[in-house]
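Since we're looking at a predicted model, the values are computed, not measured. The basis for the numbers below is simple: all heavy atoms, side chains too, and nothing from hydrogens, waters or symmetry mates.
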Amino acid sequence: TGYVATTHTGGILATVRANNAIYYRTPSLGGFFVHAAIAAGDQQVFNTATQTYSSGAERPVGVAAGYYAGPFRVGVAYDKNAADLTTKAVYGSFNAGFATFMGQFENGDVSASDDVSRWSLGAKVPLGAVTLKGGFTKWSDEDIKKIGLGLQYDLSKRTNLYTNVGKISGDGASDTAKKTAFDVGVTHAF
């Protein structure tokens, strides 16, 4: 999700990393799994003006369940952040052999009185050492759309070259965001 062409919906306002958290992941139970996390309410909201953490925030809580077996993967998730804003989501993918198809839907709060829905569809098509990638996302309530295309060339099992292009459109996007962006790079896994 770090490339300019990513069409991941972004988790709305889900907690990405919480301070003082406890996390548990079950072993695979015939393909089923559950993840759960909870964190202390303090040390979650950083005030950049005072360079301190605010106290009295809500406890971030997250739980997910899913099934990964064979070509199918599906998961559902719930997250409540330190501001008591929630995100609910459904994710899935299917590996058809010649391509992997992915989709996600998220609904969540962006404020105490406003929630939004976001969805995306994507595909990866391996062609030998080359993998073609494509995706589309729509932020329904905000009228923002994005299309992303990418190409990855594997030099080895741990090193690849990549290039991506992404374009945001829609009345909800700012003029600054409505630019086409691209990246080119090398990835090496240690």
K.L.:
Residues in side chain to side chain contact (heavy atoms under 4.5 Å, CB included) with F101, at least two apart?
P.N.:
A96, F98, A99, A123
K.L.:
Would you give the length of the straight line joining atom CG of N81 to atom OG1 of T87, rounded to the nearest 0.5 angstrom?
P.N.:
7.0 Å
K.L.:
Show your working on side chain to side chain donor-acceptor pair (under 3.5 Å) between D109 and T86 and close with a plain yes or no.
P.N.:
CA-CA 6 Å; D109 304 323; T86 63; 3.1 Å; yes
K.L.:
Would you find more than 12 non-hydrogen atoms of other residues, nucleotides or ligands less than 6.0 Å from I22 atom CD1?
P.N.:
no
K.L.:
Please, which pairs that meet ring pair (Phe, Tyr, Trp, His ring centres under 6.0 Å) have at least one residue in residues 162-190, sequence neighbours excluded?
P.N.:
Y3-Y162, H188-F190
K.L.:
May I ask you to list the residues sharing a hydrophobic cluster with Y153, side-chain cutoff 4.5 Å, ordered by chain and number?
P.N.:
V125, L127, V130, L132, L151, L155, L161, V186
K.L.:
Taking only residues two or more places apart in sequence or in another chain, which ones pass side chain to side chain donor-acceptor pair (under 3.5 Å) with N164?
P.N.:
D183
K.L.:
Going by side-chain heavy atoms closer than 4.5 Å, which hydrophobic residues are tied to Y68, directly or by a chain of links?
P.N.:
F33
K.L.:
Do side-chain atoms of N95 reach the backbone of G97 as a donor and acceptor pair under 3.5 angstrom?
P.N.:
yes
K.L.:
Do V63 and Y78 have side chains that get closer than 4.5 Å, going by heavy atoms?
P.N.:
yes
K.L.:
Quick check for you: to the nearest 0.5 Å, what is the distance between T7 atom OG1 and W119 atom CH2?
P.N.:
10.0 Å
K.L.:
Rest of the hydrophobic cluster containing Y23 (Ile/Leu/Val/Met/Phe/Trp/Tyr, side-chain heavy atoms under 4.5 Å)?
P.N.:
none
K.L.:
Salt-bridged, E58 to K80, with N to O below 4.0 Å?
P.N.:
yes
K.L.:
When you compare the side chain of Q152 with that of K124, does any pair of heavy atoms fall below 4.5 Å?
P.N.:
no
K.L.:
Identify the heavy atoms of A40 and P60 that sit nearest to each other, and give their distance.
P.N.:
O-CD, 3.7 Å
K.L.:
What pairs with V76 under side chain to side chain contact (heavy atoms under 4.5 Å, CB included), at least two apart in sequence or on another chain?
P.N.:
A65, V90
K.L.:
State, with a plain yes or no, whether a side-chain heavy atom of F136 is found less than 4.5 Å away from one of K145.
P.N.:
yes
K.L.:
So which pairs with a foot in residues 165-181 pass salt bridge (Lys or Arg N to Asp or Glu O under 4.0 Å), sequence neighbours left out?
P.N.:
none
K.L.:
Under the rule for ring pair (Phe, Tyr, Trp, His ring centres under 6.0 Å), what residues qualify as partners of Y91, not counting sequence neighbours?
P.N.:
none
K.L.:
How would you list all residue pairs meeting salt bridge (Lys or Arg N to Asp or Glu O under 4.0 Å) that involve residues 126-138, not counting sequence neighbours?
P.N.:
K138-D143
K.L.:
Sequence neighbours excluded, which residues qualify as side chain to side chain contact (heavy atoms under 4.5 Å, CB included) partners of T176?
P.N.:
S174
K.L.:
Without swapping roles, check the side chain of N107 against the backbone of V116 for a donor-acceptor pair under 3.5 Å.
P.N.:
yes
K.L.:
Under the rule for side chain to side chain contact (heavy atoms under 4.5 Å, CB included), what residues qualify as partners of I168, not counting sequence neighbours?
P.N.:
I144, K146, A173
K.L.:
Under the side chain to side chain donor-acceptor pair (under 3.5 Å) rule, what do Q104 and S120 come out as? Steps first, then yes or no, please.
P.N.:
CA-CA 5 Å; Q104 63 180 350; S120 72; 2.9 Å; yes
K.L.:
Could you measure the distance from the CZ atom of F72 to the CZ atom of F94? Nearest 0.5 Å is fine.
P.N.:
4.5 Å
